[in-house]
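In what follows, chains carry the letters A, B, and so on, assigned in the order in which the sequence lines appear, proteins first and then strands, with residues in each chain numbered from 1.
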Amino acid sequence: MYPYKEIEKKWQRKWEEMDFYRTPEVPKNKYYIMEMWPYTSGNIHIGHFRNYAFGDLRWRWEKMNHRDLLHPFGWDAFGLPAEEAAIKKNLNPLEWTYNNIETARRTIKKLGLSYDWKKEITTSDPEYYKWTQWLLIQLFKEGLLYRDESYVNWCPHCKTVLANEQVEGGKCWRCDSKVEKRKLKQWFIKITDYAEELYWDIEKLTNWPKNIREMQRNWIGRNEGAMIQFKMEDGEEFEVFTTRPDTLYGVTFICISPESVLSEKIAKKNDQVKKYIQESLLLSNIERTREKTGVNTNLKAIHPLTGKELPVFVANYVLGNYGTGIIMGVPAHDERDFEFAEKFHLPIKVVIIGNPPAPHRAYTGHGRMVNSEKFNNMNSKEALNNIVQLLENKGIGYKSINYRLKDWLISRQRYWGAPIPMIYCDKCGIVPVPEEDLPVLLPPVEEVNFISRTRSPLADHLGFMKVNCPKCGRVAKRDPDTADTFVDSAWYHFRYLDPRNNKEIFNREEAKKWLPIDLYIGGAEHATGHLIYMRFITKFLYKLGYSPVNEPAVRLFNQGVVRDENGEVMSKSKGNMKDANELIEEIGVDAARIALLFFGPPESDIDWNEEHLKGSTRFLNRIYDISIEDINNKKIKLDASDREKSLYKKVEKTTKKVTEDIERFSYNTMIASLMELLNQIEVYNKKDVLYQYALRRFIKLLAPIAPHISEEIYSLFGEKDSVFLEDWPEFDPEGILEEKFTLIVQVNGKLRARIEANKGIEKEEALSLALECENVKRFVKRDSKKVIYIPDKLINIVS
RNA sequence: GCGAGAGUGGCGGAAUUGGUAGACGCGCUGGACUUAGGAUCCAGUACUAAUUGUAAUAGUAUGGGGGUUCGAGUCCCCCCUCUCGCACCA
């Protein structure tokens, strides 16, 4: 084993002495590279390491291409686990968090990564969360932060509310508990105001992975349709949203969601409805989807066009938070309505004839209109617009777009987060904390009672809660909740630019210098949460004139997950995490980087396998062995005959390949081609000047992936400067040209011979060469119909 | 159910534009060196086929079936399996 520990220590110290990762003040050719930061619940594992290795490799390569780089690092330090540690183990969440950061930072430093530590930020530092609070106040001032009472997701285990994005399959994303509905008054960010922009700008994100863009589109769930006004018999008006106004004549009933204000109203006069609503609201989302149920209100609604009476139900399959919470039931042309109608024996009225017609289930396609008065025989697609037009003329409907995306619920009934900077005054109502009073500091941990309850621990801290109203000066109350930690990470790419600024959130000139992020690397699990929030906040700050860009990152790269030997995702709770420290102790940083990147394509998940580590260790040992033996420091000068040799050609081809592979994130094949080159270097005459040439080139190509050993060997060449201050090698275009090629001879598409031939030969020449082969002759019948010749590659004789 | 992606040796994977399938590595087999080998080096390694002449060969192979093409892992259609995302969004 080569002495990796010494080498790592030596070069990490040198890089630090050189202040190698310092961000340039005035970038000329900027490159902003960022990895998703870690949550501070434990030490760094190999999944993190893989993520950071991608970024570091890119940094080093861009450095050799003389880009000016910004590569910051920070900590997602607020959040529930810190508080859980306090409740369960009686630990101090602040100390717990900062100790974890200490440990993780120590590990990351040992990994020799290219971070500019002067840019380090921590979300739980008052100097950071001051600006998180400032951001919330700006949102409030723009009308994008509001308080609303509605049914929200409540995790009984975490004892806090959750955003829509934090509920996965009806369960809490952290603890897997069944999420309940509770009617609470909470703070929401009106992200839906930006839904249209967030949706359409996905098209700009051409360098984001396709699946992420698709997930975001689905998550935003833009649906075009119409709002249609209905009336109850007693004159009460309500609206429904539909994407299929063409089916309006097929409406045979109305269904109201149990959460709807209208059903609440009905419940006041109808005990059966009241009982049904109460029962429905107790159910979790999954339980609710199990079976369609409903209760007849015995009220009638009036069809807006036919004037016919329609029965009105309260039904569990109607969502409270989509559209108006009320639907028009069109059983003939909607599967869910069909199911409901069958169950309650409601009439099914066909208004579109499909081809073929579907008698026993709903027909949801388009077709010829029937039973629809003057729209009969029209195509339903055409009728759709015409019916909306008719409704608009009558003033009882209009075109409308609805989104699946919900407003972002950010209140959390927890201590360890940024306090929401709002004050409740009996006289003045809700008043934001004046900006000069920020930050609203968390009270010291010692003064807080963490006993788990249904309200924030801050609510019981009198000193914290009591405040004078900034407007009228009377005694008022603070908001006891803290902000969702996704608010913290929605704007961190801005703070990195100017992390010590205590006058403003960041300097606009710095933002102009560096934004957008050129490469953002992280996991796909953040597709519909963090990445949408981050896009939203960027757009918001753009609109306010702070951000020069309205999208945060030009390029997004999603690395795959690292799983254990059994294919289980590594996680703290499963106890199957491989610690990064442990790995680098065993094989060293560089071998670990190679192992992590050689496992497979960066974007795919990998199953960790200790056996696979041997290849990368052997590879580096071989490099080290030949390097310490056979280096001479003389000037290398190749002559024309050297350039004809196959090793020279291999070097140039590998240079091309490695460059292309780095550009397209194909690190596994990049390593493979370096291994191929090493295999050829090793068997070459060590005295030859070409050997020295090849070895030097090899080390430069190796440097981005294995920085420590490359620096060490580069210095053995007698070089004074870091290898990363060198130019990234360009390949010699002449060098990759070959005079000969292997002519593939096929007969009827089957491979029959391979012939070494000169490049540029004509079809006739290739054919006669091919026909000289015994094995070709055997298969070629006399009457050859056709000969296909792909120059310098292949000949196919059809006979 | 809907949407997206994938399926290649014993294993991880390569094949970038329709043109040599299996690069590179792991493992395995044999050998060298050795007191020893879980170190290192060398050779081999998709599968099948040996009574007679061409194993320096042929046949079969990229989940299964069909198609387009001189030629398909790659393009098209159908089916199977797996992974991920969404899951009553009207």
Side-chain angles (χ1 to χ4, degrees), chain A residues 1 168-170 209-219 221-223 225 240-244 247 255 257 285-286 288-292 315-319 321-330 333-337 339-340 364 402-406 524-525 527-528 561 567 594-595 598-601 603-607 609-616 618-619 621-622 625 657 660-661 664 666 668-679 682 742-754 774-775 778-779 785-790 793-799:
Chain A
M1 211 60 164
E168 294 170 353
K210 229 179 101 188
N211 62 323
I212 301 290
R213 287 184 285 160
E214 199 52 36
M215 279 162 81
Q216 292 211 347
R217 267 189 210 108
N218 293 340
W219 191 261
R222 184 180 187 276
N223 266 317
V240 302
F241 174 72
T242 177
T243 53
R244 293 296 299 272
T247 63
C255 274
S257 144
N285 286 350
I286 337 166
R288 227 170 112 165
T289 56
R290 220 163 272 156
E291 199 191 350
K292 282 190 178 50
N316 68 348
Y317 80 99
V318 183
L319 300 173
N321 56 1
Y322 184 79
T324 60
I326 308 171
I327 60 140
M328 58 182 216
V330 188
H333 305 291
D334 182 286
E335 276 159 27
R336 298 150 301 182
D337 296 344
E339 202 190 314
F340 189 80
T364 55
N402 255 272
Y403 304 92
R404 210 197 76 113
L405 182 75
K406 308 287 185 289
E525 67 274 19
T528 53
V561 176
I594 288 171
F598 190 55
F599 250 104
E603 65 277 11
S604 59
D605 297 344
I606 57 174
D607 292 343
N609 180 348
E610 299 276 332
E611 285 297 316
H612 271 55
L613 305 181
K614 289 184 185 166
S616 33
R618 279 180 198 155
F619 177 57
N621 277 330
R622 280 160 60 201
D625 288 347
K657 170 87 176 141
E660 286 167 358
D661 281 353
R664 69 186 180 111
S666 185
N668 54 329
T669 55
M670 166 208 158
I671 295 166
S673 63
L674 286 170
M675 286 173 169
E676 279 182 56
L677 179 56
L678 180 65
N679 290 344
E682 273 184 329
T742 308
L743 176 68
I744 302 305
V745 184
Q746 293 181 343
V747 180
N748 292 329
K750 292 210 173 190
L751 177 72
R752 296 301 175 191
R754 291 164 214 234
E774 283 301 315
N775 201 43
R778 281 172 52 213
F779 291 95
K785 287 180 207 130
K786 206 170 159 192
V787 176
I788 287 120
Y789 181 57
I790 311 295
K793 206 165 236 171
L794 167 148
I795 187 162
N796 188 7
I797 302 163
V798 186
S799 93

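- For the residue pair A/R778 and A/N775, a side-chain donor N or O sits within less than 3.5 Å of a side-chain acceptor on the partner.
- Residue A/N321 is out of contact with every strand shown, counting any heavy-atom pair closer than 4.0 Å.
- Between B/rC41 and A/R618, no contact under 4.0 Å exists linking OP1 or OP2 to a side-chain N or O.
- Between A/R754 and B/rA56 there is no side-chain polar atom (N or O) within less than 4.0 angstrom of OP1 or OP2.
- Residue-level contact check: A/N668 touches the backbone only, with heavy atoms under 4.0 Å from sugar-phosphate atoms and none from bases.
- Formation of a donor-acceptor pair under 3.5 Å by the A/N609 side chain with backbone atoms of A/F599 is not found in this model.
- Note on A/R752: only backbone sugar-phosphate atoms sit closer than 4.0 angstrom, heavy atoms only; bases stay farther off.
- A sub-4.0 Å separation between OP1 or OP2 of B/rU60 and a side-chain N or O of A/K750 is present.
- Summarising the geometry, the separation between CD on A/E603 and C1' on B/rG12 is reported as 14 Å, rounded to the nearest angstrom.
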For nucleotides 1-6 of chain B, give me every protein contact, N/O to N/O, under 3.5 Å, one pair per line with atom names.
from	atom 1	to	atom 2	distance (Å)
B/rG5	OP1	A/K210	NZ	2.9

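- Atom CG of A/L613 is separated from atom P of B/rC11 by 20 Å (rounded to the nearest Å).
- Not one side-chain nitrogen or oxygen of A/N621 sits closer than 4.0 Å to the OP1 or OP2 atom of B/rU40.
- Between the CD1 atom of A/I790 and the P atom of B/rU69 there is a distance of 17 Å, rounded to whole Å.
- A/E660 and A/K657 are not joined by a salt bridge, as no carboxylate oxygen comes within less than 4.0 angstrom of a charged side-chain nitrogen.
- Per the geometry, CD1 belonging to A/I744 stands 19 Å off P belonging to B/rA15, to the nearest Å.
- In this structure, A/N748 atom CG and B/rU69 atom P are separated by 15 Å, rounded to whole Å.
- Phosphate contact (OP1/OP2 of B/rU69, side-chain N/O of A/N796, threshold under 4.0 Å): absent.
- Looking at which nucleotide of RNA chain B each of A/T669 and A/I788 is closest to, the 5′-most match is held by A/T669.
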Secondary structure of RNA chain B in dot-bracket form (Watson-Crick or G-U wobble, distances below 3.5 Å, | marking inter-strand pairs): (((((((..(((......[....)))((((((.......))))))((((.......))))..(((((..]....))))))))))))....
